[in-house]
Amino acid sequence: MAPFVPVPDILTQPYWDGCRNHVITVQQCRSCGRKRHRPAAGCHWCGGQDVDWVELSGRGSLYTYTVVHRAFHPSLADEVPYVVGLVAAEEDPTVRFHTRILECDPADVRVGMQLEVLFREETDGIVLPYWRPRAA
Amino acid sequence: MLRDKCAIVGLGYTPFSSKSGVTTEMLAVEACQNAMADAGLKPSDVDGLLTYHMGDSAPVQVVASSLGIRELRWYNEIAQGGPGNCAVILEAAMAVMAGLAETVICYRAMNGRSGQRAGETGAAGKAAGEMQFLMPYGIIGVPVWYSMWARHHMATYGTTREHYGHVAIAQRQWAMNNERSFNRDPLTMDEYLATPLIADPLSRLDCCREIDGGCAIIVTSAERARNLRQPPVYIRGGAYGMGPGGGRNYEKWEDYSQLFSHYVGPRVWQSAGLGPGDMNFAQIYDAYSFVVVHQLEDFGFCAKGEGGPLVASGVTAPGGSLPLNTGGGMLNEGYLNGLNVVAEAVTQLRGQAGVRQVADAEVGLVSGFGGPQGSAMVLRK
């Protein structure tokens, strides 16, 4: 169980709605065509403000990570050591997601490792995407 | 153009502690009063006041009132952390050059240990806003976010924990001669490597010490500076800003191994008309050991990826050719959000650093780090 559940807002609700349907969705700029995450009021590539929400495959690679040894919240005391990281989407590696890496021994985590998304229901209506190693 | 038109003329501290027992307003007032005494100025000689903070300090107007500044002509608060250290000095110079104020006190006051602790950001409250993408995963506490930046550099350039350890060890050597430092004992590589990790690759020896305290620095025109008590320290040049993606949008930060300094570095050198080879020392914002290595590369003290070997070569330690964080840095003196990093540069350029004085220190670099955003300036005597 996650230590905190996300509190969606009007900008991020479509992303969390996608998660509830077990798909990763991101904003795609109608001006320049670039995809982005996290959701934002404007495109950091061109400033365009109109978007379409598009689905990604849920495959990616690990851009960077850390193994957390100290619990900064009491609910994490039994979780340490755990692995968190930043995942680069297969379709566009500049589209990245912070996440917890599951099903991965801390000794085995490597930058560049191939990952796939894994959805878990946390509480009513909130589904969190996690990522785990993917066979080559 | 900034070049040498303004100068730093006053410097004041409160004691640094783990529990000040006073409010941030009281810390601010004490630091500002000490800076005025250092400069030989009275409250009536000051007409500008500026601070930066992260919602953890007293309002600037309250501090102005308690200082007895009867007519404040210019004031502001910059809502940010590390980059604020050089930003306040540069903003004060801008205000003086624009004629909005003549003499500006810049200060930072915080109960960063006994009160609101920056290092635990994200450990309380709701997972809303930017935190909705971090807190649910246990990405809580600043060392957890930042450790991923170090890991990216290690994976890209082969930087090692030992390289970061050399930052901590060299700075500890400097800290042994700083009476404000909390850490005065020598540090060995064995001890560094044996210290338990907080978030891989960072242990507590890679993280600055959170403290309570205040620091104030007074900026005025070069003309007025020449008639005051202390030797003037001139603001030679400066720059601040943010790289693409940037901000707190760490998902969108294009290249984790390039800090703000990749963008601000060339502009600070252009502003100063000087380069890294001209510096007699560098005071590099060191909230974490690894950000020193990455900034040294970005500022051009070595090629990208060679910051680890550069520090390991010993040049940044006492006696080396690139004296760096000569008070021991925030790793040892404590996290005053970097205004103490500026203050150490001023102390060196005045020739008042005592046993840790860098011989013939005439010009040095100071930086303020916040990841993809940050600040830097060149100060000279």
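Treat the numbers as computed from the prediction; the structure is a model and nothing was measured. Naming convention: chains lettered A, B, ... in sequence-line order (proteins, then strands); numbering from 1 in each chain.
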Does the B:K252 side chain pair with the main chain of A:R36, one donor and one acceptor, at a distance under 3.5 Å? no

Can you tell me how far the CG atom of B:L134 sits from the CZ atom of A:R38, to the nearest 0.5 Å?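 The CG atom of B:L134 sits 6.0 Å away from the CZ atom of A:R38.
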
Report yes if the side chains of [X] and [Y] come closer than 4.5 Å at any heavy-atom pair, otherwise no.
X	Y	value
B:I140	A:F4	yes
A:H98	B:W145	no
B:Y137	A:P6	no
B:R151	A:V111	yes

Please determine whether side-chain contact (heavy atoms from CB on, under 4.5 Å) holds for the pair A:T94 and B:E254, giving the CA-CA distance in whole Å, both sets of side-chain angles, and the decisive distance to 0.1 Å. CA-CA 7 Å; A:T94 70; B:E254 278 180 52; 5.8 Å; no

Is it the backbone or the side chain of [X] that comes under 4.5 Å from a heavy atom of chain B, or both, or neither?
X	result
A:T99	both
A:Y63	both
A:V67	both

Other residues, nucleotides and ligands only: do more than 12 of their heavy atoms fall within 6.0 Å of CD on A:Q13?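 Buried by this count: over 12 neighbours within 6.0 Å.
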
Hey, is CG on A:N21 packed in by over 12 heavy atoms from elsewhere, all under 6.0 Å?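 Count over threshold, so yes.
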
Under a 4.5 Å cutoff for heavy-atom pairs, which residue among B:G138, B:P244, B:P143, B:P201 has the most contacts with chain A? B:G138

Can a side-chain donor-acceptor contact be found between A:T12 and B:Q132 if the only test is distance below 3.5 angstrom?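 On atom types as modelled, these side chains qualify, holding a pair under 3.5 Å.
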
Exercise: identify the closest heavy-atom pair between [X] and [Y]:
X	Y	value
A:V5	B:A127	O-CB, 3.5 Å
B:P136	A:L128	CB-CD1, 3.8 Å
B:V144	A:T66	O-CG2, 3.7 Å

Pair A:F72-B:I198, side-chain contact (heavy atoms from CB on, under 4.5 Å): steps then yes or no: CA-CA 10 Å; A:F72 280 84; B:I198 294 172; 3.7 Å; yes

Take A:H37 and B:F133 through the test ring pair (Phe, Tyr, Trp, His ring centres under 6.0 Å) and record every step on the way to the result. CA-CA 10 Å; A:H37 181 78; B:F133 298 103; 5.0 Å; yes

